[in-house]
S.K.: 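My questions all concern the structure below.
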Number of protein chains: 2
Amino acid sequence: MKPKGLLTPQRKAILDVICASSDHPTAAEIMDRLRKRGSQFAYGTVYNTLKYLTETGQIQELRVGEACRYDARTEHHHHIQCTACGRVDEVFAPIPNEWAEEVARETGYLLDQDQLLLKGVCASCRAPTS
Amino acid sequence: MKPKGLLTPQRKAILDVICASSDHPTAAEIMDRLRKRGSQFAYGTVYNTLKYLTETGQIQELRVGEACRYDARTEHHHHIQCTACGRVDEVFAPIPNEWAEEVARETGYLLDQDQLLLKGVCASCRAPTS
DNA sequence: TTATTAATTAGAATAAGTCTAATTATAAAA
DNA sequence: TTTTATAATTAGACTTATTCTAATTAATAA
């Protein structure tokens, strides 16, 4: 079935939730937030919509940790996850070109400059009196 | 219960399989390979052992894609996954220091230099007459 | 209108992984 | 040695994230 690409009320509500979130929510968190707004859709609808929005470039899917997370920012950027609390933040510093070339040479891969996942410990997890 | 850290026959067999694999197998693939060698252990044993071997630094756990993968190489290095076929390869080129500092400054994270996951398209997936 | 097909729905199915309670194995103490 | 304590293994139930399926609803085109 070829999709018509309609912005149905369900798709709009889901996109709205993602755009209103800066914490890269998972599908489950998106469903929670929809419920709080008074909308409740079938699992299948939410997952289909997330796939549709990703494929049409309206959101970005991040495979990090055990569940996929979704990001309304579609500009080129990377992500970093805290190994202590699991939160995911944006990284806008671009990869240095020489390093990208070195990696390409070493591995034979054509690098996707957008899809970098770093790990570390976030500021609040490092705070002394947390 | 404090573990004694025994190298039981099960643990040895599992470690052997990982050491004999250069393709970062998943738990399911490890179980397959054990079966082919004539060993078959309980799910729980395999998962417990993978956790134990990871915690004692004998192997490295990679959270990439939908399933964890395991790597016998424990030296500092990164990984790159092919967005076409899913294979995972090693990357030994170290992150440039200035870039790491820039990311740390931007995000407030304390970077874990070891845990970088890149994406790209591997040489064979780029081959013309594949 | 009617036909066609896209989108949604509820719920079953799958896959990765964890948990539990019972059993087996091993090492230390008596 | 035998007993005791406890670590490791086992089978299988359970959880969580996600996909699939078949039926229904909605919307567009003829």
Side-chain angles (χ1 to χ4, degrees), chain A residues 1-18 21 23-35 37-56 58-71 81 86 88 117, chain B residues 1-18 21 23-35 37-56 58-71 81 86 88 117:
Chain A
M1 53 174 95
K2 73 189 66 128
K4 285 190 184 169
L6 298 179
L7 191 62
T8 62
Q10 289 88 339
R11 288 178 175 177
K12 184 165 180 348
I14 292 165
L15 182 56
D16 281 352
V17 164
I18 299 169
S21 304
D23 61 343
H24 313 88
T26 62
E29 287 164 347
I30 291 166
M31 283 194 271
D32 270 356
R33 293 172 199 186
L34 285 167
R35 215 170 296 122
R37 293 179 170 212
S39 313
Q40 182 156 305
F41 313 131
Y43 270 119
T45 302
V46 175
Y47 280 104
N48 283 343
T49 297
L50 292 171
K51 184 188 261 184
Y52 161 78
L53 292 172
T54 301
E55 279 166 0
T56 56
Q58 298 179 69
I59 61 172
Q60 204 186 342
E61 183 182 79
L62 314 176
R63 303 200 128 271
V64 30
E66 29 242 84
C68 279
R69 293 173 169 277
Y70 297 89
D71 190 347
Q81 185 176 36
V88 176
L117 179 63
Chain B
M1 54 176 93
K2 72 190 66 128
K4 285 189 185 168
L6 298 178
L7 191 62
T8 63
Q10 289 88 340
R11 288 178 175 178
K12 184 166 180 347
I14 291 165
L15 182 56
D16 281 353
V17 164
I18 299 168
S21 304
D23 62 342
H24 313 88
T26 62
E29 287 164 347
I30 291 167
M31 283 195 270
D32 270 356
R33 292 171 200 186
L34 285 167
R35 215 170 295 122
R37 292 177 170 212
S39 312
Q40 182 155 306
F41 313 131
Y43 269 118
T45 302
V46 175
Y47 280 103
N48 282 343
T49 297
L50 292 172
K51 185 187 262 185
Y52 161 78
L53 292 172
T54 301
E55 279 167 1
T56 56
Q58 298 179 69
I59 61 173
Q60 204 187 341
E61 183 182 79
L62 316 176
R63 304 200 127 267
V64 28
E66 29 242 85
C68 280
R69 293 173 170 276
Y70 297 90
D71 190 346
Q81 185 175 37
V88 176
L117 179 64

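By convention in this document, chain letters (A, B, ...) are assigned in the order of the sequence lines, proteins followed by strands, and residues within each chain are numbered from 1.
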S.K.: Please give, in whole Å, the distance from dT19(D) C1' to Glu61(A) CD?
M.R.: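 Taking CD of Glu61(A) and C1' of dT19(D), I get 13 Å after rounding.
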
S.K.: Taking NZ, NE, NH1 and NH2 as the nitrogens, is one of them in Glu66(A) or Arg63(B) under 4.0 Å from a carboxylate oxygen of the other?
M.R.: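 Yes, charged N to carboxylate O under 4.0 Å.
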
S.K.: Distance check needed: dT9(D) P versus Tyr52(B) OH, whole Å only.
M.R.: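 Distance, rounded to whole Å: 10 Å.
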
S.K.: Please determine, for the side chain of Thr8(B), which listed nucleotide (dT18(D), dT8(C), dT9(D)) has the closest atom?
M.R.: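 Per side-chain heavy atoms of Thr8(B), the pick is dT9(D).
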
S.K.: In whole Å, I'd like the distance from the CG atom of Leu6(B) to the P atom of dT9(D).
M.R.: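 That distance rounds to 8 Å.
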
S.K.: Among dT9(C), dA17(D), dT10(D), which nucleotide sits nearest the side chain of Phe41(B)?
M.R.: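 Looking only at heavy atoms from C-beta outward on Phe41(B), the closest nucleotide is dT10(D).
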
S.K.: Mind calculating the distance between CG (Asn48(B)) and C1' (dA7(D)) to the nearest angstrom?
M.R.: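 Atom CG in Asn48(B) sits about 11 Å away from atom C1' in dA7(D).
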
S.K.: Looking at Gln81(A) and Val88(A), would you say the former's side chain and the latter's main chain have a donor-acceptor pair under 3.5 Å?
M.R.: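 No; zero donor-acceptor contacts below 3.5 Å.
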
S.K.: Quick one: does any side-chain atom of Thr26(B) pair with a main-chain N or O of Glu29(B) as donor and acceptor, under 3.5 Å?
M.R.: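 Looks like yes, one N/O pair under 3.5 Å.
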
S.K.: Quick one: Leu50(A) CG to dT19(D) P, roughly how many Å, whole number?
M.R.: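 So the CG-P distance, Leu50(A) to dT19(D), works out to 10 Å.
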
S.K.: Measure from NZ on Lys12(A) to C1' on dA7(C) and round the result to the nearest Å.
M.R.: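 Between C1' of dA7(C) and NZ of Lys12(A): 18 Å.
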
S.K.: Nearest nucleotide by nearest heavy atom, which residue falls closer to the 5' end of DNA chain D, Pro9(B) or Tyr43(B)?
M.R.: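 Between the two, 5'-proximity favours Pro9(B).
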
S.K.: From dT10(D), dT18(C), dT9(D), pick the nucleotide closest to the side chain of Ala42(B)?
M.R.: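 Nucleotide nearest to Ala42(B)'s side chain: dT10(D).
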
S.K.: Which nucleotide sits closest to the side chain of Tyr47(B): dA16(C), dT8(C), dT9(D)?
M.R.: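 Nearest listed nucleotide: dA16(C).
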
S.K.: Whole angstroms only, please: what is the NZ-C1' distance between Lys51(A) and dA7(C)?
M.R.: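 Roughly 14 Å, once rounded to whole Å.
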
S.K.: Whole-Å distance between dA16(C) C1' and Asp32(B) CG?
M.R.: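 Answer to the nearest Å: 14 Å.
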
S.K.: Please check if any side-chain donor atom of Tyr70(A) sits under 3.5 Å from a side-chain acceptor atom of Glu61(A), or the reverse.
M.R.: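 The criterion, which ignores hydrogens and geometry beyond distance, is satisfied for Glu61(A) and Tyr70(A).
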
S.K.: Might you point out which heavy atoms bring Ile14(B) and Val46(B) nearest each other, and give the distance in Å?
M.R.: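 Heavy atoms only, the tightest pair is CD1-CA, 3.9 Å.
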
S.K.: Considering only side-chain heavy atoms of Arg11(B), which listed nucleotide, dA16(C), dT8(C), dA8(D), is closest?
M.R.: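 Taking heavy atoms from C-beta onward, the closest nucleotide is dA8(D).
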
S.K.: Among dT9(D), dG17(C), dA7(C), which is the nearest nucleotide to the side chain of Gln10(B)?
M.R.: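 Between dT9(D), dG17(C), dA7(C), the one nearest the side chain of Gln10(B) would be dT9(D).
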
